[in-house]
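Following: one structure in structure tokens, then a few remarks.
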Amino acid sequence: MEGFYDILKQLIRVPSVVGAEHSFFMFLKRELEDLNIKVEYYDGLLVAKGDKPESGYISAHADRHGLICTGHNEFQYAAFIAKNKADLRGNSNSEQMLKNFEMRFINQKVQAYEPWSGSYLGIGTIKDAFLCERRNNIIFKVDNLGHLLPGTPIAFMDRLKINDNMISAQIDNTISVAIIVYLYQQGYQGTAFFTAAEEAGRSWRFLLEYFRRFDICTNELLVLDTSPYKSIEDINHLDVIFRNRDENAYFRSPLKNKIKKIALKSKIKYHYKDEYIKNIMKQQNIKTSLGVTELGRIINASKSTIQGTTLQIPTIGYHTIEETASKSSVEAMVDILRNIYLIE
């Protein structure tokens, strides 16, 4: 698995703020083409194809949270700027956390970059962050970036940290991308999708458009992701996370049982996130969202002509540069994927 961590270290250093993923896509395109994988680039979507493109359909999100310059010395949380809000309905994990995490960014170093070339435009430090109720977004005060023009993306500066069995960084969504690149290195020959703007709730549109463009139907779309938990105790006895459904749709795919059988045979620890959330609601007598996924939106919008399931790594510290997962979770996900796609 050392090769996997080398990939992850590289990808984490390449900025990919939601809405400004082009330079990350270009880096990823080069890495995949170096493996002799065919790569196609569409609006909001990078598609990789091995020698047997119909042997698998795996999807991962390419964007990460960051800031956008929205005026002179004005910086907002990129996922929630006005132009991104049309696809956010208030029931995603990101939106529900908005009011709780503005102070975690204080003293965080950030780097500005040119959105197309990825060229470095300067380093700054977040000095203050506050929730503006009128704009329903976090407004940041950042030192040393007053020269930037509106529309410039600003990424959190980050490095992968490995401590015994735990890894931490801004691993959502980079860890899923790295796993797919690693799978191609190991011999995967199917198709992989890398979507933009997931944190703004738009990624499903780009992926659904691809399936419609080529009149493709499948019931085996597998979406890789992370899944947030509150404490290390919550994830200590979990390797991977399954789902029966999300807020928008039920997941009905032969992959669900196939993955479960692999997990049982390999003694991989799992639970179903929707059942976990329902149990919390019942215990605490509260009503909350079952979560919103890219897959659920695609199933709903396609009227189930596209079906599949999700496979997620449990993490804590969601949407920070300290998001943490266990190595055993990564290894469990890779083990499942190698078994599904018969990679030796």
Side-chain angles (χ1 to χ4, degrees), residues 7 11 14 16 18-19 21-33 35-64 87 172-186 188-226 243 246 248-249 251 253 255 259 292-302 304-313 333-334 336-337 340-341 343:
I7 296 165
L11 293 178
V14 183
S16 189
V18 53
E21 302 93 346
H22 176 77
S23 56
F24 182 82
F25 275 155
M26 290 298 97
F27 182 90
L28 183 57
K29 186 173 187 288
R30 185 188 70 195
E31 294 298 303
L32 290 165
E33 288 177 341
L35 298 172
N36 295 315
I37 302 299
K38 181 183 177 183
V39 182
E40 301 168 353
Y41 190 11
Y42 301 91
D43 181 30
L45 182 69
L46 201 70
V47 182
K49 293 182 177 179
D51 290 338
K52 299 177 181 177
E54 295 180 3
S55 64
Y57 294 109
I58 310 177
S59 181
H61 316 126
D63 58 309
R64 277 166 269 160
D87 280 302
D172 182 57
N173 294 298
T174 326
I175 197 166
S176 305
V177 175
I179 284 172
I180 293 176
V181 175
Y182 181 69
L183 275 186
Y184 276 118
Q185 285 186 350
Q186 300 301 302
Y188 175 66
Q189 291 299 321
T191 298
F193 306 102
F194 305 94
T195 54
E198 184 264 341
E199 301 295 359
R202 299 206 312 268
S203 61
W204 67 275
R205 295 181 183 275
F206 301 126
L207 188 47
L208 181 58
E209 174 67 14
Y210 177 86
F211 285 116
R212 286 173 170 169
R213 179 185 282 114
F214 296 105
D215 195 22
I216 297 171
C217 295
T218 182
N219 62 358
E220 294 198 352
L221 175 62
L222 180 58
V223 182
L224 308 185
D225 206 347
T226 63
R243 271 185 175 274
D246 73 350
N248 288 307
F251 302 167
S253 168
L255 281 177
I259 289 171
V292 176
T293 68
E294 175 182 271
L295 179 62
R297 282 174 157 165
I298 289 172
I299 293 169
N300 185 45
S302 72
S304 291
T305 58
I306 307 298
Q307 262 287 357
T309 194
T310 58
L311 181 59
Q312 301 176 322
I313 289 175
M333 182 179 275
V334 170
I336 288 170
L337 292 169
I340 292 172
Y341 301 111
I343 301 170

When the ring planes of Phe193 and Tyr57 are compared, do they come out parallel, tilted or perpendicular, using 30° and 60° as the limits?
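Correct class here is parallel.
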Parallel, tilted or perpendicular: which one describes the rings of Tyr41 and His22, with boundaries at 30° and 60°?
parallel
Any donor and acceptor pair, going by atom type alone, linking the side chain of Glu198 with main-chain N or O of Ala196 inside 3.5 Å?
no
Between Asn248 and Asn300, is there a donor-acceptor pair closer than 3.5 Å when you use the side chain of the first and the backbone of the second?
no
Which pair of heavy atoms, one from [X] and one from [Y], lies closest together, and at what distance?
X	Y	answer
Thr191	Tyr184	C-OH, 3.6 Å
Leu207	Ser59	CD2-OG, 3.6 Å
Phe25	Thr195	CZ-C, 4.1 Å
Ser16	Ala62	OG-O, 2.8 Å
Thr305	Ser302	OG1-O, 2.9 Å

Tyr341 and Ile58: CA distance, side-chain angles, deciding distance, side-chain contact (heavy atoms from CB on, under 4.5 Å) verdict
CA-CA 11 Å; Tyr341 301 111; Ile58 310 177; 3.6 Å; yes
Under a 4.5 Å cut-off applied to non-hydrogen side-chain atoms, are Ile306 and Trp204 in contact?
no
Report yes if some heavy atom in the side chain of His61 is under 4.5 Å from a heavy atom in the side chain of Glu199; otherwise report no.
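No, too far: nothing below the 4.5 Å cut-off.
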Look at atom CD of Glu33 and say whether more than 12 heavy atoms of other residues, nucleotides or ligands are closer to it than 6.0 Å.
yes
Distance from [X] atom [atom1] to [Y] atom [atom2], nearest 0.5 Å?
X	Y	atom1	atom2	result
Ile179	Gln186	CD1	CD	12.0 Å
Ser55	Tyr188	OG	OH	5.5 Å
Leu11	Asn173	CG	CG	12.0 Å
Ile340	Ile336	CD1	CD1	6.5 Å
Leu28	Ile180	CG	CD1	9.0 Å
Glu294	Phe206	CD	CZ	10.5 Å

Step by step, work out the side-chain contact (heavy atoms from CB on, under 4.5 Å) result for Leu337 and Leu224.
CA-CA 10 Å; Leu337 292 169; Leu224 308 185; 4.0 Å; yes
Worked check of side-chain contact (heavy atoms from CB on, under 4.5 Å) between Arg297 and Leu208
CA-CA 9 Å; Arg297 282 174 157 165; Leu208 181 58; over 6 Å; no
Show me, pair by pair, the donor-acceptor contacts under 3.5 angstrom made by side chains of residues 45-53, not counting sequence neighbours?
{"residue": "Lys49", "atom": "NZ", "partner": "Glu40", "partner atom": "OE2", "Å": "3.4"}
{"residue": "Lys49", "atom": "NZ", "partner": "Tyr210", "partner atom": "OH", "Å": "3.3"}

Sole candidate of Leu221, Leu222, Asn219 that passes side-chain contact (heavy atoms from CB on, under 4.5 Å) when paired with Leu255:
Leu222
What verdict does the side-chain contact (heavy atoms from CB on, under 4.5 Å) test give for Arg64 and Phe24, after you've listed the backbone C-alpha separation in whole Å, the side-chain angles of each residue and the deciding distance to 0.1 Å?
CA-CA 11 Å; Arg64 277 166 269 160; Phe24 182 82; 3.4 Å; yes
Please list all pairs meeting salt bridge (Lys or Arg N to Asp or Glu O under 4.0 Å) that have one or both residues in residues 213-224, counting only residues at least two apart or in different chains.
none
